[in-house]
Amino acid sequence: MTTPESSTSSNFIRDLVAADRAAGKHGGRVVMRFPPEPNGYLHIGHAKSIVLNFGIAHESPGGVCHLRFDDTNPTTEDPEYVQAIQDDVRWLGFDWHGKIFYASDYFEQLYAFAIVLIKKGKAYVDSLTADQIREHRGTLTEPGRDSPYRTRSADENLDLFARMRAGKFSDGAHVLRAKIDMRSPNINLRDPILYRIRHAAHYRTGTAWCIYPSYDFAHPLSDAIEGITHSLCTLEFEDHRPLYDWVVAEADTPHRPQQIEFARLNLTSTVMSKRKLLELVGKQLVTGWDDPRLPTLKGLRRRGVTPEAIRAFCEHLGVAKRDAIVEMQLLEHFIREDLNKRSPRVMAVLRPLKVILDNYPEGAAEELDAVNNPEDVSAGTRKVPFSRTLYIEQDDFREDPPKQFYRLAPGREVRLRYGYIIKCVSATKDPRTGAVAELHCTYDPETRSGSPQEQRKVKATIHWVSAPHAATATIRLYHPLLLADQSKLPAEQDWTRSLNPQSLELLTGCLVEPSLRSAAPGSRFQFERQGYFCVDSDSSPKALLFNRTVSLKDAWAKVEKAQHKSQR
RNA sequence: UGGGGGAUCGUCUAGCGGUAGGACGCCGGCCUUUGGAGCCGGCUACCUAGGUUCGAUUCCUAGUCCCCCAGCCA
């Protein structure tokens with residue numbers, strides 16, 4: 001299926017899975033899993049994991065990848081997230097082929113495994129308080145101490161555990177612990193907690209249970225139950241691997257999955273931790289989980305990013321064990337690369353400046369042919385109305401043009417995209433502010449696009465809209481969520497103070513070509529010379545609303561920046 | 001100063017004892033009715049010190065630096 005050209009780059013996990021399969025390990029089967037806890041929305045970091053897990057499964061003959069909800073904590077989970085996660089995985093382009101797995105479906109089996117451990121003397125009920133347990137755990141450098149309840153008999157443990165399940169105790173009264181080694185240098189092995197009492201309704205099992213298994217117990221066993229062959233997780237779980245292996249071994253499951261860790265994705269100038277994302281949404285620092293400034297899949301989607309771009313980005317990233325922070329520019333590159341091929345071009349003026357063509361007949365209008373997508377001839381052409389009064393971008397005129405500024409200035413010529421060459425005659429100013437109010441220009445009738453005499457060359461071509469025909473729109477521009485320079489902030493300061501107060505820029509009174517009047521929410525366009533935009537879900541024909549997905553690369557901005565620098 | 005991991009261009013990543021490659025970025029050029037796209041060229045890296053070897057980014061030893069772990073979260 002994967003051709004040499006399109007094949008994804010190899011990485012240590014892909015290689016290991018392939019080697020296991022070739023060696024006939026696990027009977028040559030490849031069973032992966034993506035196991036989110038339904039306590040939040042998926043973000044681009046999850047996308048890396050999804051692409052890896054589903055990708056490896058898909059490229060392995062007979063391979064499968066389970067979608068499993070790791071729902072062992074009733075107090076944080078919600079069906080809203082279960083639905084959102086499924087939507088997002090599907091939107092990203094992956095399919096779990098029907099069955100969805102839930103750790104909560106294994107509660108009964110997990111309970112039985114706990115009984116097995118208790119009978120083997122490998123687990124005990126501890127009746128210390130949470131504080132006491134912490135004290136007994138020791139520190140990074142000091143060993144822990146055994147709980148006085150560690151030596152309870154199997155019968156007593158069995159009885160206590162049964163009564164825990166039966167709801168005879170209040171939250172925190174007892175826990176079930178693995179009996180491993182309180183002196184282990186690995187803190188995860190100092191009798192980790194397997195079950196805790198939580199009198200809380202679970203979104204799936206309701207009040208059937210008041211004891212819930214912990215991650216360290218439920219996860220390896222869920223993997224074993226499902227026949228997962230390779231259980232991928234992030235680096236912070238490396239220390240848990242001995243425990244993962246211990247649980248599976250002591251529970252004596254017929255199948256033994258293998259945990260493999262890799263570095264999670266970090267991106268510059270954004271936040272990815274669940275805690276921070278939750279805080280942004282909770283404190284209404286953003287408009288919701290789908291705020292286009294967020295790296296959530298919902299946010300990226302609303303912003304106009306395609307699943308193809310995200311997948312290409314993730315495939316390109318590679319998988320390794322070293323911590324890494326990927327530059328946002330790399331994501332933007334993949335977004336542009338994808339959008340460039342598929343987006344129809346259109347003209348829109350974000351910050352309008354009125355232009356009157358003095359020698360163009362008043363009341364007249366004509367239709368010009370415009371190419372929809374130079375990257376895709378099959379996209380065809382469209383008609384764009386032209387008239388005596390136009391709007392161009394304020395940035396495309398300078399009264400006193402700097403060096404290398406090729407655009408319009410008094411006495412200078414420029415081509416109007418798909419139209420004529422025009423020459424600026426004069427600029428009138430607002431008497432109060434001194435700002436340029438409108439331009440008077442003349443057009444050269446010989447230079448209409450497509451006409452035989454159009455050979456004349458000018459330095460620049462600019463976009464425009466016809467004043468009487470244009471539609472009004474509101475456009476949102478997005479800037480980095482975080483301030484560029486994080487280093488100046490004291491480490492212990494409230495992190496939200498490092499948020500960029502200008503992350504959302506709202507432009508009203510933008511003028512777009514009339515073909516956009518009927519644009520459907522979700523559709524994407526390239527606004528020529530400016531960037532990729534999509535119609536927001538709140539947009540309507542009466543109140544057009546666009547989101548800028550990503551800007552086009554801007555060579556002039558670089559020149560200008562360099563000029564500013566050299567002036568200093 | 002316990003344990004577990006990791007160090008390759010500015011960033012991400014390949015390499016599996018034999019000329020350190022790719023991508024993003026940056027710089028320069030070509031082309032252009034998008035200062036877009038495309039094309040061409042360039043830039044910059046093996047944490048340090050020893051050792052083994054004809055040969056070390058790769059193997060060994062000793063350091064240095066970075067990350068993770070002391071939830072009844074996952």
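The structure displayed is predicted, hence computed values, not measured ones. In what follows, every chain begins at residue 1, and chains take the letters A, B, ... in the order their sequences are listed.
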Could you give the [atom1]-to-[atom2] distance, from [X] to [N], as a whole number of Å?
X: A:Asp323; N: B:C69; atom1: CG; atom2: C1'; answer: 14 Å
X: A:His316; N: B:A14; atom1: NE2; atom2: P; answer: 11 Å
X: A:Arg264; N: B:C12; atom1: CZ; atom2: C1'; answer: 17 Å
X: A:Glu236; N: B:A70; atom1: CD; atom2: P; answer: 11 Å
X: A:Tyr244; N: B:A74; atom1: OH; atom2: P; answer: 16 Å
X: A:Glu142; N: B:G2; atom1: CD; atom2: P; answer: 13 Å
X: A:Leu278; N: B:A74; atom1: CG; atom2: P; answer: 16 Å
X: A:His240; N: B:G71; atom1: NE2; atom2: C1'; answer: 10 Å

[X] side chain near [N] phosphate (N/O to OP1/OP2, under 4.0 Å):
X: A:Arg134; N: B:G71; value: yes
X: A:Arg196; N: B:C73; value: yes
X: A:Lys558; N: B:C26; value: yes
X: A:Arg322; N: B:U13; value: yes
X: A:Thr72; N: B:A74; value: yes
X: A:Arg137; N: B:C72; value: yes

Distance-only side-chain donor-acceptor flag, [X] / [Y], under 3.5 Å:
X: A:Ser147; Y: A:Arg177; answer: no
X: A:Glu37; Y: A:Thr76; answer: yes
X: A:Arg529; Y: A:His463; answer: yes

Quick one: label [X] by what it contacts on the DNA or RNA (base, sugar-phosphate, nothing), any heavy atom closer than 4.0 Å.
X: A:His463; result: nothing
X: A:Ser551; result: nothing
X: A:Asp239; result: base
X: A:Leu140; result: base
X: A:Val371; result: nothing
X: A:Thr76; result: nothing
X: A:Ala130; result: base
X: A:Leu265; result: nothing
X: A:Leu317; result: sugar-phosphate

Assign the ring pair [X] / [Y] to parallel, tilted or perpendicular, where the plane angle (0 to 90°) is split at 30° and 60°.
X: A:His66; Y: A:Phe101; result: parallel
X: A:Phe161; Y: A:Tyr195; result: perpendicular
X: A:Phe527; Y: A:Phe546; result: perpendicular
X: A:His43; Y: A:His46; result: tilted

Paired with [N]: which nucleotide, if any, by Watson-Crick or G-U wobble criteria at under 3.5 Å for both distances?
N: B:U19; answer: none
N: B:C73; answer: none
N: B:C43; answer: B:G25
N: B:G38; answer: B:C30
N: B:U52; answer: none
N: B:C65; answer: B:G6

Euclidean distance for [atom1], [N] against [M] (whole angstrom):
N: B:U61; M: B:C72; atom1: C1'; answer: 44 Å
N: B:U13; M: B:A7; atom1: P; answer: 9 Å
N: B:C46; M: B:U19; atom1: C1'; answer: 15 Å
N: B:U44; M: B:G5; atom1: P; answer: 36 Å
N: B:G50; M: B:G17; atom1: P; answer: 24 Å
N: B:G28; M: B:A37; atom1: P; answer: 16 Å
N: B:G63; M: B:C68; atom1: P; answer: 23 Å
N: B:C24; M: B:U52; atom1: P; answer: 43 Å

Measuring from A:Asp216:CG to A:Leu243:CG, what's the distance to the nearest 0.5 Å?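 With rounding to 0.5 Å, CG (A:Asp216) is 4.5 Å from CG (A:Leu243).
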How long is the straight-line distance from OH of A:Tyr212 back to OG1 of A:Thr75, given to the nearest 0.5 Å?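 Atom-to-atom, A:Thr75:OG1 and A:Tyr212:OH are 9.5 Å apart.
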Just checking, A:Arg548 and A:Tyr532: is the charged tip under 6.0 Å from the six-membered ring centre and within 45° of the axis?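 No; the conditions do not both hold, so A:Arg548 does not lie above the ring face of A:Tyr532.
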Compute both the distance and the angle, then confirm whether A:Arg165 meets the cation-pi test with A:Trp209: under 6.0 Å from the six-membered ring centre, within 45 degrees of the axis.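 Checked: cation-pi criterion met.
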Would the base of B:G10 count as contacting A:Glu327 through its side chain, where contact means a donor and an acceptor less than 3.5 Å apart?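 Flag set: donor-acceptor pair detected.
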Nearest to the side chain of A:Phe237, which nucleotide is it out of B:C69, B:A74, B:G5?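 Nearest to the side-chain atoms of A:Phe237, counting from C-beta on, is B:A74.
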Quick one: which of B:C72, B:C73, B:G25 gets closest to the side chain of A:Arg198?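 Looking only at side-chain atoms, A:Arg198 lies closest to B:C73.
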Please compare A:Asp216 and A:Ala263 by the position of their nearest nucleotide in RNA chain B and report the one closer to 5'.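 Nearest-nucleotide comparison on RNA chain B picks A:Ala263.
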Contact nearer the 5' end of RNA chain B, comparing A:Ile133 with A:Pro185: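 Looking at RNA chain B, the more 5' nearest nucleotide goes with A:Pro185.
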Taking syn as within 90° of 0 and anti otherwise, name the glycosidic form of B:G71.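 What B:G71 shows is a syn base, its glycosidic angle lying within 90° of 0.
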Letter per nucleotide, 5' to 3', of nucleotides 31-41 of chain B [B base touched, S only sugar-phosphate touched, - untouched; heavy atoms, 4.0 Å]: --BBBBS----
